[in-house]
Amino acid sequence: MPPRVVKKPTLKDIKSAGKIIRNGGIVVFPTETVYGLGANAYDPEACRKIFRIKKRPSENPLIVHIAEISALKKIAKNIPPVANKLISKFWPGPVTIVFKRKKTLPDVVTAGLNTVAVRMPSNKIALALIKSAGVPVAAPSANISGAVSPTAHRHIEDDFRDEKDIDIILAGGNTMHGLESTIVDVTRGRPLILRLGAVSVEEIEKVLGAKVRICGDGGKILSPGMYKKHYRPRTPFFVFCETGRMKEFLKTHQASKIGVLAETGSIPSAMKNRRLYLKTYRNISELSRNLYGWLRDFDKMGLDFILAARVDERGLGRTINDRFKRSATKIFGD
Ligand code: TXA
Ligand code: MG
């Protein structure tokens, strides 16, 4: 039996899902970034179910979702002024902040670290669910570990068709940003971005009035879940440093069945053929919103390859390039 899906959930549906969470169940819910697989963060058994369902390594901690600032004080300590700036500008919204933690949450949530990642989502269903649950909600992205994150409820049905431990899926349409939250660690002096995400580095720096550090820029990996290989489609995915090289590849592989993520107008009509499938975007925000859905669509088509070209390394383009790097089978021209 596939998990039950509630489309267009009413407040009554959301309240009963909140009760499911409070009582140790698992609820999939939409956020403005990607769908989450939620459990009561105070319930170690429920949180363990999340790791099993996702096949997630136990050393990779979960983000704790809250609906009110008062909940933060119960789980985090030493909240620095930079965090307050981020909170007042971006919460509710797609920024996750890593704080020193109080010992109120079970170790399974934080994978035994002395920090906790917290976020207040802006999606109305998510907020109402957390409020109704009356507890903080631990929730990773609702996908099998290492695979592409879900941005529509059908993605969860695809991944977890026979999953008995998911009690309910609240459907909320396509997610607004289509990329995960930006994670900022405020526990190490100058703020450190652990994961690029739906809010750009430039926006964060503007609010803080200072430069931030970015994890991976020469430093060691500090976020347990920032694996080099992640967000991977099953089809070989080739990323090109320039569109020119991608076109060369298309010319030499005319017999192959290929899916391309392409900027509108970048593939000349002379190159189009029956075995070429295009998903086109006019700008970076259109690509951000659709990237994961398109990779999943392509994955179902039995293609030989999926191709994409790197985008400008600014704004959300930087997040996209990061996801390309982690999800690519091979990068051409690096
Ligand atoms: O947009 C999002 O953040 C989505 C929605 C559902 O809220 N959630 C999400 O969760 O992307 P997940 O579990 O797929 O990714 C969370 C990342 C992981 O890389 C994890 O290692 C990192 O956050 N993380 C969690 N707690 C941490 C901590 N205390 N210190 C450093 N990194 C942490
Ligand atoms: Mg994830």
Next on the checklist: Holding to side chain to side chain contact (heavy atoms under 4.5 Å, CB included), I want the full list of residues that pass it with Ala117, two or more places apart in sequence or in another chain.
Outcome noted: Ile63, Thr96, Val98
Checklist entry - Taking only residues at least two apart or on different chains, which pairs with a member in residues 118-128 satisfy salt bridge (Lys or Arg N to Asp or Glu O under 4.0 Å)? => result Glu32-Arg119
Checklist entry - Which pairs count as salt bridge (Lys or Arg N to Asp or Glu O under 4.0 Å) when at least one residue sits in residues 125-134, sequence neighbours excluded? => result none
Item to check | Results of side chain to side chain contact (heavy atoms under 4.5 Å, CB included) for Arg101 - residues two or more places apart only | outcome: Lys103, Leu105, Asp107, Thr110, Val116
Checklist outcome for this item: Under a side-chain separation threshold of 4.5 Å, the hydrophobic residues clustered together with Leu11 are none
Checklist entry - Is there any side chain to side chain donor-acceptor pair (under 3.5 Å) pair reaching into residues 234-256, and which pairs are they, with sequence neighbours excluded? => result Thr235-Asp299
Next on the checklist: Listing request: all side chain to side chain donor-acceptor pair (under 3.5 Å) pairs with a residue in residues 38-50, at least two apart in sequence or in separate chains.
Outcome noted: Glu45-Arg48
Checklist entry - What residue pairs, at least two apart or across chains, pass side chain to side chain donor-acceptor pair (under 3.5 Å) with a residue in residues 157-169? => result Arg52-Glu163, Arg52-Asp165, His153-Glu157, Asp158-Arg161, Asp158-Lys300, Asp159-Arg296
Item to check | With Phe240 via ring-ring contact (aromatic ring centres under 6.0 Å, His included) - residues at least two apart | outcome: Phe249, Phe332
Checklist outcome for this item: Residues passing the side-chain hydrogen bond (donor to acceptor under 3.5 Å, both in side chains) test with Asp312, sequence neighbours excluded, are Arg314
Item to check | Pro140 versus Ile50, closest heavy-atom pair with distance | outcome: CG-CG2, 3.4 Å
Checklist entry - Among pairs that include at least one residue of residues 68-79, which meet salt bridge (Lys or Arg N to Asp or Glu O under 4.0 Å), considering only residues two or more places apart or in two chains? => result none
Item to check | Test side-chain hydrogen bond (donor to acceptor under 3.5 Å, both in side chains) applied to Arg274 - qualifying residues, sequence neighbours left out | outcome: none
